[in-house]
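By convention here, the first residue in the shown sequence is residue 1.
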Amino acid sequence: MKTIDDLQVAGKRVFVRADLNVPLDGTTITDDGRIRAVQPTIAKLAEAGAKVVVASHLGRPKGAPDPAFSLAPAAKRLGELLGTDVAFATDTVGESAQATVAGLADGQVAVLENLRFNAGETSKDDAERGAFADQLAQLADLYVGDGFGAVHRKHASVYDLPARLPHAAGDLIAAEVTVLKKLTEDVKRPYAVVLGGAKVSDKLGVIDHLLEKADRILIGGGMAYTFLKAQGHEVGISLLQEDQIPAVKDYMKRAEERGVEFVLPVDVLVSADFPDLKTKAPAHPTVVASDAIPADQEGLDIGPKTRELYADKLKDAATVFWNGPMGVFEHPDYANGTKAVAQGLLDSEAFTVVGGGDSAAAVRLLGFDENAFGHISTGGGASLEYLEGKTLPGLAALED
């Protein structure tokens with residue numbers, strides 16, 4: 001896989017497929033981590049004299065313009081980080097995009113409007129996707145893939161466009177792949193994996209694959225209650241995927257057979273009411289044993305004994321991969337489980353990888369120093385699919 005160091009970019013129009021899919025509160029960016037992650041690649045290209053054309057998706061518009069999903073706030077924030085004006089095209093391949101790109105001087109940067117405002121970006125029809133890629137290709141001389149959060153999607157700007165232009169991986173994608181190889185090839189042991197988040201179904205593939213590689217797997221978040229139910233425990237009104245119980249039982253059995261330590265919560269914080277995430281009003285949770293959740297209560301975070309247990313399980317690890325919060329971390333009364341895991345990673349001497357998505361957001365929201373971790377991924381879904389052993393379309397497209 002070529003990198004941008006292999007390209008001659010001076011005076012060339014370089015299309016950078018970034019991941020500027022940041023969370024918005026209206027037009028206010030609430031977490032700019034993904035923009036900061038790709039900014040060095042964009043700055044490097046601009047400093048080398050490229051005319052940089054940045055493109056991304058944001059959210060899930062229905063293949064047509066929707067002001068709620070405009071990339072204008074992201075373009076503004078990118079300009080602030082670069083310390084220079086960034087031009088913004090109000091469409092993807094139309095008159096504004098063509099004029100904006102034509103107006104770039106060497107070393108200048110432009111951002112196109114949300115790629116998903118065009119139905120061709122996400123179409124399952126190869127011809128429709130290809131036609132949109134043909135239009136995008138008219139705006140550039142070279143292609144740089146640096147949107148790791150999208151490489152698991154077979155989309156026009158991710159999969160089809162690299163076939164139409166000389167291409168290379170950006171520094172962010174190159175770094176992500178290097179890190180993920182450390183989690184799949186010649187792993188330093190003990191290898192601990194911490195999985196959380198809402199749904200066990202989102203993690204089935206990665207659990208299946210990691211049973212062959214990990215030494216211990218720690219489970220938290222909403223997905224933990226399906227595991228507890230599979231053990232025959234009452235989980236009250238906690239998040240539960242009944243249809244996944246057979247698969248969960250199979251994983252626990254296989255883990256035991258392979259000598260993989262499977263660690264579940266021993267206590268949890270429960271409440272009859274989901275917390276108000278806007279006002280952050282006190283929630284007054286109760287701590288109960290994980291096998292004694294009342295029928296009218298919902299588990300919303302791991303408890304203090306589990307926090308200590310999980311921290312202890314991370315102490316001697318040489319490699320740790322963490323994906324998914326331990327509870328409703330957005331509310332201070334249910335953030336301590338996620339805090340404990342993050343601190344456990346920092347207190348270990350392991351090579352630590354935070355697997356994007358809500359985990360990365362939690363690290364920033366809870367005030368941890370991002371640079372203290374070995375790596376914070378920009379692609380939760382992409383990271384998981386890579387660890388599942390899947391071929392990611394956006395990475396395959398960058399291979400020579």
Side-chain angles (χ1 to χ4, degrees), residues 23 25 30-31 192-203 217-242 244-245 248 262-315 322-347 354-355 357-368 380:
D25 182 1
T30 57
D31 180 1
V193 175
V194 187
L195 297 176
K199 296 180 179 180
V200 68
S201 58
D202 293 340
K203 306 290 196 303
I217 300 175
L218 286 57
I219 302 291
M223 63 184 287
Y225 302 101
T226 300
F227 283 87
L228 292 172
K229 185 72 172 181
Q231 289 185 324
H233 302 312
E234 170 67 57
V235 297
I237 57 173
S238 304
L239 193 61
L240 175 66
Q241 289 186 286
E242 292 262 13
Q244 301 300 332
I245 288 177
V248 163
F262 225 97
V263 190
L264 297 178
V266 295
D267 61 348
V268 296
L269 270 63
V270 299
S271 174
D273 301 302
F274 196 84
D276 189 323
L277 300 183
K278 286 196 172 181
T279 66
K280 305 290 197 294
H284 307 297
T286 302
V287 179
V288 300
S290 58
D291 61 356
I293 299 173
D296 64 344
Q297 303 278 303
E298 178 177 12
L300 296 165
D301 194 14
I302 58 174
K305 290 181 180 178
T306 305
R307 290 175 226 148
E308 290 182 14
L309 172 65
Y310 284 15
D312 186 62
K313 295 294 183 183
L314 296 174
K315 274 182 184 176
W322 170 34
N323 181 280
M326 297 293 99
V328 187
F329 70 91
E330 300 91 341
H331 192 285
D333 289 345
Y334 299 105
N336 288 324
T338 302
K339 278 184 184 176
V341 166
Q343 191 62 51
L345 266 68
L346 297 183
D347 291 343
V354 180
D358 286 343
S359 311
V363 163
R364 291 187 279 268
L365 181 67
L366 299 176
F368 288 93

Undergrad: Quick check: closest heavy atoms across G196 and M326, and the distance to 0.1 Å?
TA: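 Closest approach of G196 to M326, heavy atoms only: CA-CE, 3.9 Å.
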
Undergrad: Is any side-chain heavy atom of F368 closer than 4.5 Å to one of Q343?
TA: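 In contact.
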
Undergrad: So, do K229 and E242 sit near enough that their side-chain heavy atoms are less than 4.5 Å apart?
TA: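 A side-chain contact under 4.5 Å exists here.
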
Undergrad: What distance separates L365 CG from T30 OG1, expressed to the nearest 0.5 Å?
TA: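 That separation rounds to 9.0 Å.
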
Undergrad: Kindly give the heavy-atom pair with the smallest separation between N323 and G355, and that separation in Å.
TA: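 Here N323 and G355 meet closest at ND2-O, 2.6 Å.
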
Undergrad: With the threshold set at 4.0 Å, does a side-chain nitrogen-carboxylate oxygen contact exist between D31 and R364?
TA: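 A salt bridge links D31 with R364.
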
Undergrad: Starting at CD of Q244, measure out to CZ of F227 and round the result to the nearest 0.5 Å.
TA: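 So the gap between those two atoms works out to 9.5 Å.
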
Undergrad: Taking C-beta and beyond as the side chain, do D347 and L314 meet within less than 4.5 Å on heavy atoms?
TA: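 Side-chain contact under 4.5 Å: no.
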
Undergrad: Please determine whether the number of non-hydrogen atoms from other residues, nucleotides or ligands lying under 6.0 Å from atom NZ of K315 exceeds 12.
TA: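 At most 12 heavy atoms, drawn from other residues, nucleotides or ligands, come within 6.0 Å of this atom.
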
Undergrad: What's the separation between atom NE2 in H331 and atom CG in D276, rounded to the nearest 0.5 Å?
TA: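 Reported to 0.5 Å precision, the distance equals 7.0 Å.
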
Undergrad: For the residue pair Y225 and L239, what are the closest heavy atoms and their distance?
TA: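 Reported closest heavy-atom pair: CB-O, 3.3 Å.
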
Undergrad: Rounded to the nearest 0.5 Å, what separates atom CG in L366 from atom CD in E330?
TA: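 Reported to 0.5 Å precision, the distance equals 9.0 Å.
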
Undergrad: To the nearest 0.5 Å, tell me how far F262 CZ sits from L218 CG.
TA: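 With rounding to 0.5 Å, CZ (F262) is 9.5 Å from CG (L218).
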
Undergrad: Kindly give the heavy-atom pair with the smallest separation between G197 and K203, and that separation in Å.
TA: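 Answer, listing the atom of G197 first, then K203: CA-NZ, 4.4 Å.
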
Undergrad: What are the two closest heavy atoms between V287 and P304, and how far apart are they?
TA: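 Taking V287 first and P304 second, the nearest heavy atoms are CG1-CD, 3.9 Å.
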
Undergrad: Closest approach of V263 and Y310, non-hydrogen atoms and distance?
TA: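 Distance-wise, the nearest heavy atoms are O-OH, 3.3 Å.
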
Undergrad: Looking at S359 and G324, would you say the former's side chain and the latter's main chain have a donor-acceptor pair under 3.5 Å?
TA: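 Present.
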
Undergrad: Would you please say whether a donor-acceptor pair under 3.5 Å links the side chains of S201 and Q241?
TA: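 Yes, Q241 and S201 have a side-chain donor paired with an acceptor closer than 3.5 Å.
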
Undergrad: Check whether any side-chain heavy atom of M223 lies under 4.5 Å from a side-chain heavy atom of V248, and answer yes or no.
TA: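 Counting from C-beta outward, M223 and V248 never come under 4.5 Å.
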
Undergrad: Please round to the nearest 0.5 Å and tell me the distance separating atom CG of L269 and atom OG1 of T306.
TA: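 Atom-to-atom, L269:CG and T306:OG1 are 9.5 Å apart.
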
Undergrad: Return a table of donor-acceptor pairs under 3.5 angstrom between the side chains of residues 289-301 and protein atoms on other chains or two or more places apart.
TA:
| unit_1 | atom_1 | unit_2 | atom_2 | d |
| --- | --- | --- | --- | --- |
| S290 | OG | P265 | O | 2.7 |
| S290 | OG | V266 | O | 3.3 |
| D301 | OD2 | G337 | N | 3.0 |

Undergrad: Pick one: which of D333, L277, T338 meets side chain to side chain contact (heavy atoms under 4.5 Å, CB included) with V328?
TA: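 Among the candidates, only L277 passes.
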
